[in-house]
Structures are given as structure tokens and as C-alpha cells.
Protein chains: 2
Amino acid sequence: MENEYRSTLQNLKLKTTPKRLAILEVLAQESIYLSPEEIWQRMKKRFQKIGLPTIYRNLEELSEGHVLSKVVLPNRQRYYYLCRNQSHHHHFVCLYCRKVEDIHFCGVKEIEEEVRKRIKGRIFSHILQVNGLCSECSRLKRDGHEG
Amino acid sequence: MENEYRSTLQNLKLKTTPKRLAILEVLAQESIYLSPEEIWQRMKKRFQKIGLPTIYRNLEELSEGHVLSKVVLPNRQRYYYLCRNQSHHHHFVCLYCRKVEDIHFCGVKEIEEEVRKRIKGRIFSHILQVNGLCSECSRLKRDGHEG
DNA sequence: TTGTCTGCAAATCATTTGCAATATT
DNA sequence: AATATTGCAAATGATTTGCAGACAA
């Protein structure tokens, strides 16, 4: 586990600092997305001295290195999620419990075709995120147990 | 044109104020996405007194009413685009000239199937945005005329 | 008239930055 | 040793808010 993260960091040419490893561990411990502030709270339990800017800087680097993925929400806050799955995929995000699940369908082939034929442009990237309620939460909502 | 906007606003139960009409006109005049600040600049040419908060408040309301759509970029600024097309669709965004073009493919059917079968959850909304270069801009880039 | 909309000034608050001290390779 | 990383305090800057006056229905 930790060795896995060590080599992940080395591949990205980032030094293996305890804080960086811990950020990955914190995110790996839950399958939900977290804000920088929330990650900071959890990090404070492990380090006496830990600054919020460190969290921000690392999250950004890890996200650029495709180790973390960003979750897009209407508020202006960032959220991050640790991607176990290396291959190209997208996310289903539960708006209630924040769980993130992989979606293995990606219609970008068809879109590429449309861009090539009609728009005649070039694709650099695409964002596909599906928001909803996961199995558990939609059951809770149906039964009126929310809170 | 203006009458169209009038009824659009009435449908949303928003009062038909000159500022609101002008925001729609400003956005309709260009087929690119604009930031609230940029819209403000253009509005200042039409009104002696016009506050940035008015721009923000109206953009948000119009966006909630699905008259405008938001463009998602990695910086933490909002951008808005006037959707001519009422039916469900997605956007191709040129990262160079900011032009927005409609994409008529939407793979949400397949995703819904996956969410129903495997995730067993419920979909509320989805974000699909394709980023790239439009026809003109990719030609410019290829020929090295950028600047 | 009655509730909505707007301008202004001030507040918010997530994110960044500068820089000196510290840790990694 | 050389370079990357971190903490701290302060800065940034987009967006929001409170409120009194103006406006649309």
C-alpha cells in the first residue's frame, strides 16, 4: 500500500514526504470525495504541524498527475477523490453521502466523430460526471429516513 | 427577439427589467462564453449605473431557469453562455476563442442503464463538456499563427 | 400598493503567494 | 550540497450579503 504510493510519487517526480503519503492514505481510507479543508482536519490528527497551503499544493499536484480526480459541484469549492482505477473512466457521484463510483461507459468516441465531421475541431479533454443518489441513499430517501 | 426574452422571463416568473433584458442581449450577441465581469463591462456601455451584484444575481437566476448554461473551467471563475437550443444537449467549448457549439450526442441512456443495473442508484443530473479547439482555431494553431 | 429588483459598500471565504526554515535525494 | 517541500502570515479576488431606495406588475 504505502510502497504503491511511494512509486506513484516517484513516477510523478515528487519527493516522498510523510505529508504527501498521508494525504493519499487519508483519501484512500474513504470512498467519498473530500474538500481540502476536510482533508486538513484529518491530517491534523496525524501531524502536529500541518498547513492548509500544503494540502492545497499537494492536491493540485496529485490531481495534475492524475492520481486524484476532481469532483465538480455547483459551489465554488474543490473536492478530490482517489482514483483506484487507472484506465479512462468517469464518475457517478452521490450527492447525499458523497460516495464516488466508477462509470465504465464513455461516449467520447461518438463525440469525437461529431467533432471531426461537423465541428471540424480537435478535442483536448472532456468532463463527464453523473450526479445522483447511490443505492443506499436512494433507499433511505424512499423510506423517509433522511436526516 | 426582445419579445422572446420578455416571455422567457415571464415564464420564469422574473420581472422584465431593462437590465435583465440587456444581459440576455449581451450574451446573445456573441456565441462565446463570458465571465460575470466581462458581462459587466459590456453592460456599463448601456447603463450609467449598473452594479456587479446585479449581474451575478441575474446570471444565477437565468442559469437556474436553464436559459443560460455554465461553462466549467479549471480556474475558479464562472462563465455563462446563452443556449439557443432548448432541447437537451451538451457543449463543445473552444479553449482558445471561447466559442461554444452544441453537441447532439448524449450517452446518458447507456449511463442510466449502468446506474440502474450496477450502481442501483438514481440520476439527478449530469455534466458533459468537451474541451478543445474549434475548426478555425485548430487551423490557426496548425499553421503557427497563434498570438 | 406590494413585492421584486438594484446599487453600494462591506463582508466572506476558498485559494494563493512570499519567504525563510526544513526535509529529501 | 542542491533542490524541493513546508509553515506561517498576509494577500487575493471572485462571489455574496445587508439594506435602503427605485421599479415593475
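On a predicted model such as this, the values are computed, not experimentally measured, just so you know. Just so we're on the same page: letters track the sequence lines, and every chain starts at 1.
Side-chain atoms of B/Glu114 come within 3.5 Å of backbone atoms of A/His104 as a donor-acceptor pair (strictly under, hydrogens ignored). Remark: side-chain polar atoms of A/Glu110 are not paired, donor with acceptor, to backbone N or O of B/Phe105 under 3.5 angstrom. Using a distance-only test at 3.5 Å, with no hydrogens or angles considered, no donor-acceptor pair links the side chain of A/Glu101 to the main chain of B/Ile119.
Environment of NE2 in B/His66: sparse, with no more than 12 heavy atoms of neighbouring residues, nucleotides or ligands closer than 6.0 Å. Remark: B/Glu136 CD is loosely packed, at most 12 non-hydrogen atoms of other residues, nucleotides or ligands lying under 6.0 Å away.
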For nucleotides 23-25 of chain C, give me every protein contact, N/O to N/O, under 3.5 Å, one pair per line with atom names.
unit_1: C/dT24; atom_1: O2; unit_2: A/Lys15; atom_2: NZ; d: 3.0
unit_1: C/dT25; atom_1: OP1; unit_2: A/Thr16; atom_2: N; d: 3.1
unit_1: C/dT25; atom_1: OP1; unit_2: A/Thr16; atom_2: OG1; d: 3.4

Expected rows: protein N/O vs nucleotides 18-20 of chain D N/O, under 3.5 Å:
none

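Contacts of residues 29-49 of chain A with DNA chain D (heavy atom under 4.0 Å): A/Lys49. Annotation: proximity of residues 70-81 of chain A to DNA chain C (heavy atom, distance under 4.0 Å) is found for A/Arg76, A/Gln77, A/Arg78, numbered in ascending order.
At a cut-off of 3.5 Å, with distance as the only test, a side-chain donor of A/Ser135 or A/Arg139 sits close to an acceptor on the other residue.
Applying the salt bridge (charged side-chain N to carboxylate O under 4.0 Å, His left out) rule to pairs touching residues 84-98 of chain B yields B/Glu38-B/Arg98, sequence neighbours excluded.
Under 4.0 angstrom from either OP1 or OP2 of D/dT16 there lies no side-chain N or O belonging to B/Tyr56. The phosphate of C/dT4 (OP1 or OP2) has no side-chain N or O of B/Lys13 nearer than 4.0 angstrom.
Taking five base pairs at each end of the helix from C/dT1-D/dA25 to C/dT25-D/dA1, the local helix axes there meet at an angle of 50°, rounded to 10°.
With rounding to the nearest 0.5 angstrom, the CZ atom of A/Arg76 is 9.5 Å from the CZ atom of A/Arg78.
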